[in-house]
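Accompanying notes for the structure given below.
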Number of protein chains: 2
Amino acid sequence: MVLDVSERLGFDIKATEVALMARKATALREVGLTVAQYAALLTLRDNPGITGAGLARSCLVTPQAAAAVLKALEAKGLVQRESDDWNRTARPGRLTPEGARILRSADARASRIEQQVHDALTPKQRASLRQLLETCRAALADD
Amino acid sequence: MVLDVSERLGFDIKATEVALMARKATALREVGLTVAQYAALLTLRDNPGITGAGLARSCLVTPQAAAAVLKALEAKGLVQRESDDWNRTARPGRLTPEGARILRSADARASRIEQQVHDALTPKQRASLRQLLETCRAALADD
DNA sequence: TGAACATTATCAAGCCTTTGATAGTTGCCA
DNA sequence: TGGCAACTATCAAAGGCTTGATAATGTTCA
């Protein structure tokens, strides 16, 4: 009745995600960024003026997690957020010139990793993998 | 030259893993376990006497991470490790009866989630997904 | 207008995980 | 036998994530 451990797909998915994260983390450490910080910068580049809450949604994390990353990026001077003079509700953030510079350098490294995965599969295989993962997510959608 | 963000497979893999973890975490919270603790108990059940280092390898984490989880499980009385009288090198761990009991309850809940994913795919699709993920991992293997 | 609801931001506490460093144990072999 | 390499355990610090709770602002609509 209980699924055999070796039959569980979760392990394969996790193992792949862990391997990908490990490679990215190593590559990004050279430019002083964590994977979470890189993901945030990438999202800010494509969505200038996004709020912390919006960033959280894009990155699939809680607003609190996004806020912590934003705080670190602000401290590094890579992101600028509108001042919170007397409690503003939304505080849009955007890359600073330095943030954009660092991101270009980081993206060159990180996208190389993604490219390796990309190149290891044929277009059909990539489409198939996306489709299969989407099916898994659909099966996990609350029910 | 740089891969378009929407084309990166990392996001799909991560999104699926996040969804799976979220569902499991919710299900396991009912029995007072975290996903990491559940994974450790499962590994201990199938490998009685495994060391912290071995557990770390099985769970794809560092020995430090495994040690932290083991410590929490010991504190809960779910795992027992041989005493460290004067600095033993390896300290094998195993489930306590209570640990085995909790694990059965946890596994019933967690494997139900895995079963949902399992059932959403045909045997061919499952094999295909495994194969594609394996190809990704191979592409990521240090080179 | 005013109340209810949704959204945004934060503080706090607790876990998990990593890197880096330290130390004891075991095993192989020159 | 001596010594080096590999393995095991553990402390410490830093990041990132979560749940839970609080507070201020926006929005909708009766």
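Convention: sequence-line order gives letters A, B, ...; per-chain numbering from 1.
Close to dG16(D), at under 4.0 Å from its OP1 or OP2, lies a side-chain N or O of Thr34(A). Not one side-chain nitrogen or oxygen of Arg29(A) sits closer than 4.0 Å to the OP1 or OP2 atom of dG20(C). For the OP1/OP2 pair of dC7(D) and a distance below 4.0 Å, the side-chain nitrogens and oxygens of Arg57(B) include no atom meeting the criterion. An OP1 or OP2 oxygen of dC7(D) is reached within less than 4.0 angstrom by no side-chain nitrogen or oxygen of Arg91(B).
In this structure, NZ of Lys24(B) is placed 18 Å from C1' of dC17(D), rounded to the nearest angstrom. Note: CD (Glu74(A)) to P (dT10(C)) measures 8 Å, nearest angstrom. Distance, Leu70(B) CG to dC16(C) C1': 13 Å, rounded to whole Å. As a whole-Å value, the separation of Met21(B) CE from dT17(C) P is 7 Å. To the nearest angstrom, P of dG16(D) lies 12 Å from CG of Leu28(A). Look at CD on Glu17(B): it is 14 Å from C1' on dG16(D), rounded to the nearest Å. We find that CG of Leu20(A) is positioned 15 Å from P of dT18(C), with the value rounded to whole Å. Going from atom CD1 of Ile50(A) over to atom P of dA9(C) covers 10 Å, rounded to whole Å.
Taking a 4.0 Å limit (strictly below) on heavy-atom distances, residues 58-69 of chain B reaches DNA chain D at Gln64(B).
Taking each heavy atom of Leu20(A) and Gly10(B) in turn, the nearest pair found is CD2-CA, 3.4 Å.
Across dT8(D), dG26(D), dT10(C), the shortest atom-to-atom separation from the side chain of Ala90(B) is found for dT8(D). For Ala36(B), the listed nucleotide lying nearest its side chain is dT17(C); candidates were dT8(D), dT17(C), dT19(C).
Following chains of ILVMFWY side-chain contacts shorter than 4.5 Å, one can reach Leu133(A) starting from Ile113(B), so the two form part of one hydrophobic cluster. Cluster membership check: Leu9(A) shares its hydrophobic cluster with Leu129(A), using side-chain heavy-atom separations under 4.5 Å among Ile, Leu, Val, Met, Phe, Trp and Tyr.
Heavy-atom nearest nucleotides on DNA chain C were determined for Gly52(A) and for Lys14(A), and the one closer to the 5' end corresponds to Gly52(A). If you find the closest nucleotide of DNA chain C to Thr26(A) and to Ala72(B), the one lying nearer the 5' end belongs to Ala72(B).
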Determine all donor-acceptor pairs shorter than 3.5 Å in which one atom belongs to a side chain in residues 29-42 of chain B; sequence neighbours excluded.
{"unit_1": "Glu30(B)", "atom_1": "OE1", "unit_2": "Arg109(B)", "atom_2": "NE", "d": "2.7"}
{"unit_1": "Thr34(B)", "atom_1": "OG1", "unit_2": "Gln37(B)", "atom_2": "N", "d": "3.1"}
{"unit_1": "Gln37(B)", "atom_1": "OE1", "unit_2": "Thr34(B)", "atom_2": "N", "d": "3.1"}
{"unit_1": "Gln37(B)", "atom_1": "OE1", "unit_2": "Lys76(B)", "atom_2": "NZ", "d": "3.4"}
{"unit_1": "Tyr38(B)", "atom_1": "OH", "unit_2": "Arg8(A)", "atom_2": "NH1", "d": "2.7"}
{"unit_1": "Tyr38(B)", "atom_1": "OH", "unit_2": "Asp107(B)", "atom_2": "OD1", "d": "2.4"}

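Listed by chain and number, the residues in a side-chain contact (heavy atoms from CB on, under 4.5 Å) with Ala90(A) are Thr51(A) (sequence neighbours excluded).
Using modelled atom types, one side-chain atom of Thr135(A) and one backbone atom of Gln131(A) make a donor-acceptor pair closer than 3.5 Å. Here the side chain of Arg126(A) pairs a donor or acceptor atom with the backbone of His118(A) at under 3.5 angstrom.
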